Structure formats: structure tokens, C-alpha cells
Amino acid sequence: MASDALKIQEFPSLRKPILVAAFAGWPDAAEVASGTARFLTRKLRASRFAEIDPEEFYVFTETRPNTVILAPGQRALEWPSNEFLSWSNPNGERDVVILQGREPNLNWHEYVEIVLGLAERLGVSQVVVLGGTYDAVSHRGQVSLSGQASTPELQETFDGFGITSSSYEGPSSVQSALLEGCRERNLQAASLWGHAPHYVRAAPNPKVSHAMLRVLRVLLGVEIDLTELEVAGEALEAKVDAAMRENPELRDYVEQLDVMIEPEPEQTVEDMLADLPISRPDPAEVMRELEELLKLSRPDGDADSPPAPQH
């Protein structure tokens, strides 16, 4: 049974916790969501207390386990993981639960039942799901964030950060399934999506994660030093600027994005791109140039660096 897939190592005692959920895979452009959750977990030093067995939820020929070397002659498999971690806030009224997972291939209803069933047992008072998407936005200037909030209080916080309401229609992610489950249970919920520039797919994007965490600090009522991400974001921006100097087509395109106005309610990103007076740069060529430039200064083995993208 699906309920048997939940493995609890130690049930924590928490005060009206907020659940933050992030999923690697399709809804995680530039690893904006999973990178943000990892950074939050590391800064809070959250402790793992439960996991979901992957057997019922993945097609392993599509979401393959990874082989890792433990020692010379010793190998092991790392299966797709969904881990729950907790942190008790010494300075606030609500604690934090973090779900770091990978979007499942199968049995979304059962998966959501497991997640929200555990949330109910923990006394979760609010759910925040994170996501990342590629968009026709510039790597310079303010990061574009979008989302949905189920309460006036959450919406007021979003408005204060300039977070736009999403009007997206189309193929959906497990985040949408979780939000639907929250509505059915009358559980407060919000989604927060970071928009990464589509022409910088070759690099992780700490700048977008920095913007996401500025919002999460307020929602969670926690103090987290984000200097590390801020510096990394500035460095990435400088490297992309350097690549632009070598690619006039990319430079012209980004300059158009810099001045592009917000779309009308019925205007799509595709419509906006079609209105640009120049052609879009070849993404493959841009990625090759950025990969060459970025790897020149990327420190090897830096565990605190944002993770590499999957796309």
C-alpha cells in the first residue's frame, strides 16, 4: 500500500510548522527550487526524520538511480529520494519542515496523500511549494517571481515583494497537485516560482535562489544570511556579461529583454518574443559559450556551490 512507502525514522515534536516543498526534475529550471531548498536546509541545519520509498512512484528507466563509488571496488545505488527534514525555530512561533524530493513519474494521488497525511500528523499550518521556470527575462536587474497565495495575509506578503500572480495554463507539475490537495483540506498554501533567463541554461542560477529566499525568510520568520548567494549571483551576472561581449547577437537580444515591458494580460511570452525586432540567439551556441566561460572559474568540489542544472 502507498501508506507503507512512508518511512519515519523519528517523529519530531513541532509547533504549527510550515512545510516547504521543492522537487527536482521538470518543474525545477536551473535547479531554482531544489537549490533553494538545499541552501535553506544547510543554513538551518535541518535534520532528516522521514523519507518516501521510491518504488511506487518512479519509472526507473526514466528517472534512473545513480551509481556512486563508496571506496575502491565498492559501489552503491542512489535511488530517487524524497526526504523530510525539520528545524525548530528558537526565535519564532512556528517551526519548519522541508521536503526535498524529485517529481514522481507515477501515482501522484497516492504521493500527495502521503505528503499531506504526514503534514496533518505534524500539525502543519501552511504549505509553500517552490518551482523554477525558464522565461524570456534578463539575467540583469530584478529577478522575476510569480506565485499564488490562498490567504489575504500571504497575498499581502507576495504583493510586498512584487510577486505576480500566475495565469499559466498547460501541462502541470506535482506542485499543482499538492496545492489542489491543500485546497481540498482547507490548508493554507502558496506557490513561489522563480523565473530564470532561458539563455543561461548552462549554469545554476544563485541570483534567482537569492530572490526566492528573501521571500521565504519572511514567510518562515527565520534569519538566514544570504550573502553567499548574493555574491554568487553577482559573479554569474558578470560572467554572462563577459560572454555577451563576445556574442553581439546575444548582447542585442538581452538589451531588448532589458527594456521589454510587462505583457498584457492576454499576451504570452511567445507573443512578446515575436514582437522583438531581432532574432533570438541560438540557445545551443549560447550554452556552449557560457559553459566554456563558467567552467573556467567554477571551483572543483565546492559542496556549497549551487547544484548543476538538469536541463
Side-chain angles (χ1 to χ4, degrees), residues 20 22-23 26-37 39-40 128-149 154-173 175-176 179 190-219 226 229-230 232-241 244 250-251 253-276 280-281 283 286 290 306 309 311:
V20 178
F23 302 93
W26 183 73
D28 191 28
E31 294 210 357
V32 166
S34 60
T36 297
F39 189 90
L40 179 66
V128 181
V129 294
L130 309 181
T133 183
Y134 288 118
D135 202 351
V137 294
S138 173
H139 68 284
R140 301 185 293 204
Q142 184 174 342
V143 171
S144 176
L145 300 176
S146 64
Q148 297 286 348
L154 285 170
Q155 188 60 54
E156 183 177 354
T157 299
F158 277 19
D159 291 343
F161 281 98
I163 298 170
T164 60
S165 296
S166 173
S167 58
Y168 172 78
E169 291 183 328
S172 293
S173 63
Q175 284 96 326
S176 297
L179 291 174
S191 64
L192 180 63
W193 287 74
H195 295 238
H198 67 88
Y199 56 89
V200 194
R201 300 189 189 199
N205 203 311
K207 182 175 180 178
V208 182
S209 286
H210 177 267
M212 301 267 281
L213 282 157
R214 288 182 63 242
V215 179
L216 283 176
R217 283 194 305 192
V218 174
L219 294 179
L226 302 181
L229 284 178
E230 184 177 10
E234 291 172 351
L236 175 61
E237 184 172 335
K239 292 169 188 174
V240 178
D241 284 341
M244 288 170 50
L250 174 62
R251 182 183 63 244
Y253 176 68
V254 173
E255 287 176 354
Q256 292 292 329
L257 292 179
D258 286 338
V259 300
M260 190 164 59
I261 62 173
E262 291 295 320
E264 296 298 325
E266 301 301 322
Q267 190 179 26
T268 66
V269 170
E270 289 74 17
D271 294 333
M272 297 171 70
L273 290 172
D275 291 340
L276 292 179
R280 297 171 64 183
V286 173
L290 289 176
H311 301 274

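This is a predicted model, so every value here is computed, not measured. Both backbone and side-chain heavy atoms feed into the values below; hydrogens, waters and symmetry mates do not.
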### Query
Which heavy atom of Ala37 sits nearest a heavy atom of Ala22, and at what distance?
CB-CB, 3.7 Å
### Message
Can you confirm whether Ile163 sits close enough to Thr157 that some side-chain heavy atom of one is under 4.5 Å from a side-chain heavy atom of the other?
### Response
no
### Message
Taking the side chain as everything from C-beta on, heavy atoms only, tell me whether Arg214 gets closer than 4.5 Å to Leu226.
### Response
yes
### Query
Say you draw a straight line from CE of Met244 to OH of Tyr253; how long is it, rounded to the nearest 0.5 Å?
12.0 Å
### Task
Would you name the heavy atoms of Ala30 and Ala196 that are closest together and state the gap between them?
CB-CB, 4.0 Å
### Query
What is the minimum heavy-atom distance between Leu179 and Ser191, and which atoms define it?
CD1-CB, 3.6 Å
### Query
Any sub-3.5 Å donor-acceptor pair from Asp28's side-chain atoms to Ser34's backbone N or O?
yes
#### Entry: Side-chain donor/acceptor of Lys207 to backbone N/O of Gly141, under 3.5 Å
yes
### Message
List the residues meeting side-chain hydrogen bond (donor to acceptor under 3.5 Å, both in side chains) with Ser176, not counting sequence neighbours, and say none if there are none.
### Response
none
#### Entry: Beyond-backbone contact of Tyr199 with Ser138, side-chain heavy atoms, under 4.5 angstrom
yes
### Task
Report the distance from atom CD of Glu237 to atom NE2 of His139, rounding to the nearest 0.5 Å.
5.5 Å
#### Entry: side-chain contact (heavy atoms from CB on, under 4.5 Å) assessment of Met212 paired with Leu192
CA-CA 8 Å; Met212 301 267 281; Leu192 180 63; 3.8 Å; yes
### Task
Taking all non-hydrogen atoms of both residues into account, name the closest pair between His198 and Ala136 and its distance.
CD2-CA, 3.8 Å
### Task
Check whether any side-chain heavy atom of Pro197 lies under 4.5 Å from a side-chain heavy atom of Asn205, and answer yes or no.
yes
#### Entry: Any Val215 side-chain heavy atom under 4.5 Å of Phe158 side chain
yes
### Where Leu236 and Pro206 come nearest, the two heavy atoms and their spacing
CD2-CD, 3.8 Å
### Summary
Shortest non-hydrogen pair, Pro171 vs Trp26, comes out as O-CH2, 3.4 Å
### Query
Are any of the side-chain heavy atoms of Phe39 and Leu229 separated by less than 4.5 Å?
yes
### Residue list, salt bridge (Lys or Arg N to Asp or Glu O under 4.0 Å) with Asp241, at least two apart or on another chain
Arg140
### Query
Is the side chain of Gln175 donor-acceptor paired with the backbone N or O of Leu130 at a distance under 3.5 Å, no angle test?
yes
### Task
Answer whether the closest heavy-atom distance between the side chains of Val254 and Val240 falls below 4.5 Å.
no
